[in-house]
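Since the structure comes first, as structure tokens, the remarks are kept for the end.
Values in this document were obtained by computation on a predicted structure and should not be read as measured data.
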Amino acid sequence: PTRLDALVEGVADDIAALGADIEVSGSLAQPVVLRPALTRRALANLMDNARRYGGGRVRVTLSSTDGEARIDIDDDGPGIPDAELEHVFEPYVRLEASRARHTGGSGLGLAISRAVIRAQGGEVTLSRRAEGGLRARVALPLQGRKPAG
């Protein structure tokens with residue numbers, strides 16, 4: 001069992017150290033059964049993407065509903081076209097062909113994040129926000145399936 005809100009705060013502190021304007025709101029009173037190191041890596045990938053490609057401002061909201069913990073990671077960037085929202089989870093997919101390898105990223109971060117969260121009975125989805133930008137939503141079961149491994 002892990003205090004997900006404390007884990008999220010720790011990742012947010014790391015992303016802030018990279019220069020992001022990051023804000024965390026909400027909380028989860030109930031611990032979540034998960035693999036902390038792997039979940040930390042998955043959340044760091046998602047928050048760092050929001051920092052890099054979303055204009056530098058990142059908002060993270062914790063909540064729980066319907067037996068699951070939710071972490072919404074919102075940014076103010078250009079978003080991703082609807083047709084690409086699932087495609088970007090495939091390994092080695094990068095949306096901007098102009099982005100050189102040395103500028104960071106190999107196209108594995110989203111694939112890794114989704115695999116880690118799914119292995120723990122959860123899900124990662126991306127959606128365009130009505131007000132602009134992108135939302136990455138991580139949903140993890142509050143009870144039930146224990147993490148693999």
Side chain to side chain contact (heavy atoms under 4.5 Å, CB included) evaluation trace for N45 with L110:
CA-CA 7 Å; N45 285 342; L110 288 175; over 6 Å; no
Are S25 and T61 packed together at the side-chain level, in the sense that at least one heavy-atom pair is separated by less than 4.5 angstrom?
yes
Contact check, side chains of E123 and R114, non-hydrogen atoms, under 4.5 Å
yes
Closest non-hydrogen atom pair, I117 against A139:
CG2-O, 3.9 Å
In terms of heavy-atom contacts, A50 and I73 come closest through CB-CG2, 4.0 Å
Does atom CZ (R137) have a neighbourhood of more than 12 heavy atoms from anything else shown, all under 6.0 Å?
yes
Exercise: identify the closest heavy-atom pair between A16 and I22:
CB-CG2, 3.7 Å
Smallest heavy-atom separation, P141 atom then V32 atom, equals O-CG1, 3.6 Å
Is the shortest heavy-atom distance from the side chain of D14 to the side chain of R40 under 4.5 Å?
yes
Any side-chain heavy-atom pair from D82 and R128 closer than 4.5 angstrom?
yes
Go through the steps for T65 and R70 under the test side chain to side chain contact (heavy atoms under 4.5 Å, CB included), then give the verdict.
CA-CA 8 Å; T65 183; R70 286 190 184 162; 3.3 Å; yes
Is the shortest side-chain N to carboxylate O distance from D76 to R59 below 4.0 Å?
yes
Among V124, L38, L34, whose side chain to side chain contact (heavy atoms under 4.5 Å, CB included) with V116 holds?
L38
Rounding to 0.5 Å, atoms CG (L108) and OG (S113) come to a distance of 10.5 Å
Pair Q120, T39: side-chain N/O donor-acceptor within cut-off below 3.5 Å
yes
Quick one: pull up CG in D5 and CD1 in I71 and give me the separation to the nearest 0.5 Å.
9.5 Å
L4 CG to E9 CD distance, which is reported to the nearest 0.5 Å
11.0 Å
Over all atoms of both residues, closest heavy-atom pair of L28 and S64
CD2-CB, 3.5 Å
Give the minimum heavy-atom separation between T2 and P36, together with the two atoms involved.
OG1-CG, 3.5 Å
Do the side chains of V8 and M47 get nearer than 4.5 Å, heavy atoms only?
yes
Look at the side chain of D75 and the backbone N and O of L134, then say whether any donor-acceptor pair between them is shorter than 3.5 Å.
yes
